[in-house]
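Any value given below was found using the heavy atoms of this structure, including those in side chains, with hydrogens, waters and symmetry copies removed. Just so we're on the same page: letters track the sequence lines, and every chain starts at 1.
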Amino acid sequence: MARNLVIVESPAKAKTIEGYLGKDFVVKSSFGHVRDLAKKGLAIDIENNFSPQYEVTPDKKQVVSELKKLVKEAETVWLATDEDREGEAISWHLYEALNLDKKETRRITFNEITKPAILKAIERPRDINKELVDAQQARRVLDRLVGFELSPVLWKKVKPSLSAGRVQSVAVRLIVEREKEIQQFESGSFYRIQGIFKSTKGDFTAEYDAQPTDVNNAKSVLEACGKSAFNVADLQTKPAQRKPAAPFTTSTLQQEASLKLGFSVTRTMSVAQRLYEAGKITYMRTDSVNLSQTAIGSANKEIVRVFGENYANPTTYKTKSAGAQEAHEAIRPTDFSVHHISSERDEEKLYELIWKRTMASQMAHAKLERTTITVAGEHLEKHFKAKGEVVKFDGFLKLYMESNVDGNEEDEKESASDKLLPAVQVGELLSYKTVKATQRFSRPPSRFVEASLVKKLEELGIGRPSTYAPTISTIQKRGYVEKLEREGALREYAVLELKNGSISQDSATETTGKEKNKLSPTDIGTIVTEFLSEHFSGIMDYHFTAKVEQEFDEIAKGLREWTDMIHTFYQPFHQNVENTLEHSERATGERELGVHPDSGKKIIARMGRFGPMIQIGDEQTDGEKPLFASLRKEQSISNISLEQALDLFKLPRMLGEIDEQAVKVNNGRFGPYVQVGKLFVSIPKGEDLMAITLERATELYRAKLEEEANKLIKSFPEREDIQVLNGRWGAYIKAGKNNYKIPKTQEASELTLEDCLELIEKQSSAPQKGKRKPAKRA
DNA sequence: CAGTGAGCGAGCTTCCGCTTGACTT
């Protein structure tokens with residue numbers, strides 16, 4: 001029988017630690033928090049000094065009862081939860097829930113899972129730090145008060161089932177404000193002038209030191225170039241260094257996995273979880289860039305072994321982000337000699353990323369040589385400059401290059417300057433091959449992707465490693481934010497070229513604004529943000545979390561009572577909730593678009609009971625029933641034009657008949673479509689549905705019919721509802737509205753009606769087993 | 001692949017942060 005019971009938070013950790021301790025120790029896990037504020041109601045007794053009502057979380061009942069049993073058998077209980085505010089609270093809740101005896105309980109902490117660290121911790125036990133626990137209670141109670149008082153305000157003033165909170169509401173605000181900046185952005189254009197120059201040692205490209213905004217000015221520069229002789233006015237070569245990035249934290253791992261592997265933050269976390277459980281990496285929810293001495297040692301041994309002595313540079317990193325609690329190490333491989341693992345593709349790729357990043361962090365700086373050639377032309381006001389970069393010693397670059405999550409791909413392309421320049425001499429005469437002036441455009445700020453939103457939240461100290469991914473899911477689930485794909489638009493730009501003494505002018509086109517997986521606010525997200533910002537500016541302040549964190553720190557230091565802090569916050573906050581409930585208008589996001597050209601009635605866009613809509617007229621003012629129309633896919637209250645709004649009332653457009661079937665043009669849930677009888681044909685992107693003629697509709701209809709005919713492999717005259725069709729992933733059976741798979745062993749074209757019925761029978765009776773996919777959104 | 005846009009009222013929704021499996025769709 002074990003005399004010592006050690007309780008940690010994570011089961012994988014428990015297994016590792018049990019290996020380090022003798023047979024006198026049994027190590028179990030609490031699976032995180034075991035108690036929380038009661039799920040129903042506020043569970044905070046406001047009248048009674050904010051006394052919290054805790055209960056064992058339903059899914060932890062079993063964990064608690066098992067731990068209770070083990071406690072009875074043990075002489076000493078070691079509470080070894082994480083060394084941070086939440087970890088301290090978990091220990092205290094365990095102490096309470098398990099009815100522990102103070103004399104037989106020890107609190108220990110360690111922030112790396114190594115044998116020496118744990119043995120050392122066992123030698124230095126302490127008591128539960130009640131002040132730190134109180135800081136957590138303040139955090140928990142504040143979040144409940146904010147969430148459970150604000151959300152009901154939204155139910156009354158905006159829409160049922162909405163939610164608000166210290167973290168999520170600010171996350172949505174970031175996206176809403178960014179969208180506003182983009183809408184208000186006015187793009188300007190300028191000319192980038194680049195010359196290709198000939199030297200005795202070879203050609204190189206150099207850029208003119210000014211970017212004229214006017215095409216005539218750009219032209220005069222080219223004209224001056226045409227009349228000029230050129231020479232190398234200056235040549236500078238400077239040594240430079242590049243440093244590796246720090247080891248991964250949760251947030252930087254999410255960013256790099258998003259950029260380099262295209263993973264969503266949820267996918268990154270679940271892959272990392274599997275690597276952690278398999279013992280391949282350390283804990284994946286951390287805000288620390290710190291590596292244990294053992295890890296630094298073995299990383300450097302591996303670097304020396306593989307790359308040689310001069311590539312090693314043991315480095316300790318300091319955490320920069322605000323509010324970091326550093327209960328764990330950085331995310332790193334557990335064994336540096338394992339360069340690759342054999343597993344699922346995702347796991348292999350993420351492991352390799354983690355291995356490279358950690359190794360690189362312990363490698364030598366890269367040594368570079370930056371060269372600038374300055375080219376002077378006799379009739380020019382400014383110089384041309386060519387910048388080149390040569391890697392003299394690659395160092396960590398051998399393994400890893402960090403990406404930039406905020407960056408706009410186009411920017412990166414344009415700023416690339418790792419080219420090699422020819423070895424020219426100062427004073428050397430040059431001639432131009434061509435000089436080009438290309439029209440460029442200033443760009444609006446880019447929309448957030450999941451990973452860049454996480455980065456921003458972390459910078460503001462909002463949210464924790466364990467909540468970044470869930471927060472992003474929540475704001476999408478609530479319908480505040482959606483991931484959109486934008487097609488982009490064609491844009492024309494001017495190109496002037498000087499060649500052989502003459503200047504030509506041409507125009508070219510490029511696609512701009514093409515986007516994928518970018519987060520955009522929905523109408524409801526915008527309305528809720530505006531409502532909350534108007535009435536609860538304190539909580540919507542980007543620095544609100546940082547401010548209350550300071551107060552939590554004071555509580556943790558014993559300088560302040562937690563109930564006192566909550567009281568000070570709650571008084572005005574609650575008053576504000578009451579006032580808002582009583583005095584504020586319903587928020588509908590109403591926006592006046594103008595007046596109807598014929599009737600002179602007011603036209604507004606607003607949120608209705610069933611979603612965003614357009615209303616013409618108002619019963620109150622003009623005594624007649626108003627007209628209504630719902631907004632369609634990809635339209636929103638904030639940016640719909642009067643013209644588009646009026647078009648909605650012209651829908652559906654009846655175009656006439658094809659083969660005696662009515663032809664309708666409309667904009668539906670999946671976008672604009674033509675409907676002929678029962679058949680829907682979507683209108684290709686870029687075509688204006690208001691401009692579709694009967695002829696065009698007929699064309700689209702015929703094409704669709706042909707496509708449908710090509711899909712058909714087989715049909716049965718006796719059962720018209722059953723067809724064998726060719727789909728994107730191969731043949732399948734369509735029966736009524738349902739589709740059924742055809743096993744690979746069967747040839748689709750040879751199926752009889754009986755075969756089909758049998759397959760249908762089999763697949764509809766037996767529940768689908770085998771592949772268990774992670775649950776998708778309902 | 002729409003149009004709906006009234007009102008009554010029961011009973012429900014909701015927060016953040018710590019951890020993993022379990023539903024049989």
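Heavy atoms of G32(A) sit under 4.0 angstrom from at least one base atom. Within 4.0 Å (heavy atoms only), G463(A) reaches sugar-phosphate atoms of the nucleic acid but no base atom.
Using a 4.0 Å cut-off between charged nitrogen and carboxylate oxygen, K602(A) and D618(A) do not count as a salt-bridge pair. Salt bridge annotation for D143(A)-R140(A): absent, with no cationic side-chain nitrogen under 4.0 angstrom from a carboxylate oxygen.
In this structure, OG on S169(A) lies 7.0 Å from CG on L154(A), to the nearest 0.5 angstrom. A distance of 12.0 Å separates CD1 of I614(A) from CG of L627(A), quoted to the nearest 0.5 Å.
Judged by distance alone, with hydrogens and angles left aside, S161(A) brings a side-chain donor or acceptor within reach of the base of dT13(B), the pair sitting under 3.5 Å.
Judged by centroid separation below 5.5 Å and plane tilt below 30°, F31(A) does not stack onto the base of dC18(B). Stacking here means ring centres nearer than 5.5 Å and ring planes tilted less than 30 degrees, and by that measure F148(A) does not stack onto dC15(B).
Aromatic ring orientation, Y283(A) versus H328(A): tilted (interplanar angle from 30° to 60°). Between F569(A) and F573(A), the ring planes lie parallel to each other; the angle is under 30°, not in the 30° to 60° tilted range.
Residues of residues 132-147 of chain A having a heavy atom closer than 4.0 Å to DNA chain B, listed by number: R139(A), R140(A), D143(A), R144(A), G147(A).
If you check dG5(B), dT20(B), dC18(B) against the side chain of Y276(A), the one that comes closest is dT20(B).
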